[in-house]
Amino acid sequence: MALKLNCKYAESFLGENDLTGLKGQVEEAAEKLQKGTGLGNGFLGWVNLPTDYDKQEFERIKKAAETIKSNSKVLIVIGIGGSYLGARAAIEFLNSNNYNELTSGTKIYFTGNSISGSALSELMKICEGKDVSLNVISKSGTTTEPAIAFRVFKEYMENRYGKQEAAKRIFCTTDKAKGTLKKLADEEGYECFVIPDNIGGRFSVLTAVGLLPIAVSGADIDKLMQGAAKAEKAYKETDLLKNDCYKYAALRNAFLRRGYMIELLAAYEPRFSMMNEWFKQLYGESEGKDHKGLFPASVIFSTDLHSMGQYIQDGRRILFETVVNIKECGEDIEIKENADNGDGLNFLAGKKMSYVNEKAFLGTVLAHNDGGVPNLIIELDKADEENLGELIYFFEKACGISGYLLGVNPFDQPGVESYKKNMFALLGKPGYESEKEKLEAKLSK
């Protein structure tokens, strides 16, 4: 495996039996995932997905991506939560967080993930004078944020291209057979890709949900799946001490049981910023139930050492860090010697910035350890498709194991519905009249 878990900066914060004491529970959780006998077992399609996916659809995805790349300068991806985070995270990880500024190919913008009229208006201005395609991603087609964005952009596309040509530029990723979006796609003749019934949104990045936008960015999705398949095979190892995925799940739970309430995911490359966001949804939505679970937070170093560094070093001892260290990450810059050495940096002359970044990583790990912060290190060889496939599957399977260790269903999200009910009531949606009266009474107090 290209991915390695380094525990040397964390083990001293745990007791001798904290990890091995979880061995039986981890094995039981893993068996539930593999045999589909645990809570939420109707949503385990991701477990074998890297080797058991629809090969015909996969080829259609690649073909559609080539079509979009050939006729569009802009792809608008409409979705929220798991319907956009994984794709955007993968695109930026593999390219840059400045992907749209640097690419000579199709620019990819994401919308439908907020209810901001100004943000949507700005995006429509970006599309002016450029050929556009849409990829709308929604299981039902009625989720408020993407549904509003799609209503606006559907009208935009039909006004600009005419109904028939617009239909050729709109691609839907939705339910296989039912739902508002599927019905509309069938009526209008949009090409459709499937969100599998047995895979929840936050686990869907390796389905058409993520693969179509990722392929449009120029990434090799065959290699992405190969990396995930390698991880699928490796992480069937039953020995906790030989399986980095299971060990990670066990360690984070061991820290929780010792009073560490926050897991801080850190990386030293800005291109990892959206991977941080994907991670936070994956773990926050999977584990945050029944008043349980670690709170997932994130930082990008060394940037956030100048904002959050003080708290991490000297604040309350309620967090541990999981640091993703990528050894090779795109182009590098060598620091040159300066004649007057006014900035005092000539001692770095001849060194590359990656070398300085590595020392910043090591220095920070040691400092935080001295300050009482455990650090788990996830080491990756490089920022490429195969490594990313491994990392995605690593986090997904560890999340399933970890959720079962907590005793929750990692594959539902009942709490997400609460704000929606209140919002619909306050907006006056039919059927919410009584709830509206109650909420307005609360607001008037």
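In this text, all values refer to a predicted model and were calculated from it rather than measured experimentally.
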### Message
What I'd like to find out is whether the side chain of Phe93 reaches to under 4.5 Å of the side chain of Met274, using heavy atoms alone.
### Response
no
### Message
To check you understand the geometry: which heavy-atom pair defines the closest contact between Lys247 and Leu19, and what is its length?
### Response
CG-CD2, 4.1 Å
### Message
Can you confirm if the NZ or CZ of Lys397 lies within 45° of the ring axis of Tyr235 and under 6.0 Å from the centre of its six-membered ring?
### Response
no
#### Entry: Distance-only polar pair, side chains of Thr106 and Lys73, donor-acceptor under 3.5 Å
no
#### Entry: Val136 and Tyr190, any side-chain heavy atoms less than 4.5 Å apart
no
### Message
With no hydrogens and no angle check, just 3.5 Å: does a side-chain donor-acceptor pair link Ser402 and Glu287?
### Response
yes
### Message
Within the 3.5 Å criterion, strictly below it, is a donor on Gln310 or Asp314 matched to an acceptor on the partner's side chain?
### Response
yes
### Task
Count the heavy atoms belonging to other residues, nucleotides or ligands that lie under 6.0 Å from NZ of Lys280, then report whether that count exceeds 12.
yes
### Aromatic centroids of Tyr156 and Phe153 separated by under 6.0 Å
yes
### Message
Please check if the number of heavy atoms outside Gln56 that lie under 6.0 Å from its CD is greater than 12.
### Response
no
### Message
Please identify which of these residues, Leu240, Leu22, Leu5, meets the side chain to side chain contact (heavy atoms under 4.5 Å, CB included) condition with Tyr246.
### Response
Leu240
### Message
Taking the side chain as everything from C-beta on, heavy atoms only, tell me whether Leu49 gets closer than 4.5 Å to Ile199.
### Response
yes
### Reported CE-to-CD distance for the pair Met308 and Gln313, which is rounded to 0.5 angstrom
13.0 Å
### Query
Got a salt bridge between Lys223 and Glu386, using NZ or NE/NH1/NH2 to carboxylate O under 4.0 Å?
no
### Task
Find the distance between CG (Leu406) and CZ (Arg252) and round it off to the nearest 0.5 Å.
7.5 Å
### Within 6.0 angstrom of Lys233 NZ, more than 12 heavy atoms from elsewhere
no
### Task
Report yes if the side chains of Tyr84 and Ile137 come closer than 4.5 Å at any heavy-atom pair, otherwise no.
no
### Gap separating the CD1 atom of Ile76 from the CG atom of Asn135, nearest 0.5 angstrom
11.0 Å
## Note on the structure
Distance col, row Met423:CE vs Lys429:NZ, nearest 0.5 angstrom, shows 8.5 Å
### Query
Tell me, do Leu282 and Leu85 make a side-chain contact under 4.5 Å, heavy atoms counted?
no
### Single hit among Thr364, Asn369, Asn375 for side-chain hydrogen bond (donor to acceptor under 3.5 Å, both in side chains) with Glu321
Asn375
### Message
Between Gln281 (side chain only) and Gly82 (backbone N and O only), is there a donor and an acceptor less than 3.5 Å apart?
### Response
yes
Identify every side-chain donor-acceptor pair in residues 206-219 under 3.5 Å, counting partners at least two apart or on other chains, and give the distances.
unit_1 : atom_1 : unit_2 : atom_2 : d
Thr207 : OG1    : Ser204 : O      : 2.6
Thr207 : OG1    : Val209 : N      : 3.2
Ser217 : OG     : Ile214 : O      : 2.5

### Query
Less than 6.0 Å separating the ring centroids of Tyr53 and Phe58?
yes
### Task
Please answer whether the main-chain N or O of Asp220 pairs with a side-chain N or O of Glu385 as donor and acceptor at a distance below 3.5 Å.
yes
#### Entry: salt bridge (charged side-chain N to carboxylate O under 4.0 Å, His left out) contacts touching residues 135-149 (sequence neighbours left out)
Lys139-Asp175, Lys139-Asp197
### Query
Is there a donor in the side chain of Ser116 and an acceptor in the side chain of Ser114, or the other way round, less than 3.5 Å apart?
no
### Query
Near Lys125 NZ, under 6.0 Å, is it more than 12 heavy atoms from other residues, nucleotides or ligands?
no
### Task
Could you tell me whether Met261 atom CE has more than 12 heavy atoms of other residues or ligands within 6.0 Å of it?
no
#### Entry: N/O donor-acceptor pair under 3.5 Å between Lys32 side chain and Asn41 backbone
no
### Task
Answer yes or no: does atom CD of Glu155 have more than 12 heavy-atom neighbours from other residues, nucleotides or ligands under 6.0 Å?
no
### Query
Is the Phe279-Phe395 ring centre distance short of 6.0 angstrom?
yes
### Summary
One should read off an interatomic distance between Leu256 CG and Leu294 CG, to the nearest 0.5 angstrom, of 4.5 Å
#### Entry: ring-ring contact (aromatic ring centres under 6.0 Å, His included) assessment of Phe411 paired with Phe43
CA-CA 6 Å; Phe411 309 112; Phe43 293 92; 7.6 Å; no
### Message
If you count heavy atoms of other groups shown closer than 6.0 angstrom to CD of Glu59, is the number above 12?
### Response
yes
#### Entry: Lys292 atom NZ: more than 12 heavy-atom contacts under 6.0 Å
yes
#### Entry: Ion pair check, Glu158 and Lys154, cut-off under 4.0 Å
yes
### Message
What I want to check is whether the side chains of Glu31 and Thr37 have a donor and an acceptor closer together than 3.5 Å.
### Response
no
### Query
If you round to the nearest 0.5 Å, how far is SG of Cys7 from CD1 of Ile377?
9.5 Å
### Ring-face cation of Arg169 near Phe171 (centre distance under 6.0 Å, axis angle within 45°)
no
#### Entry: 4.5 Å side-chain heavy-atom contact, Ile126 and Tyr109
yes
### Closest heavy-atom pair and its distance - Glu27, Thr238
OE2-O, 3.8 Å
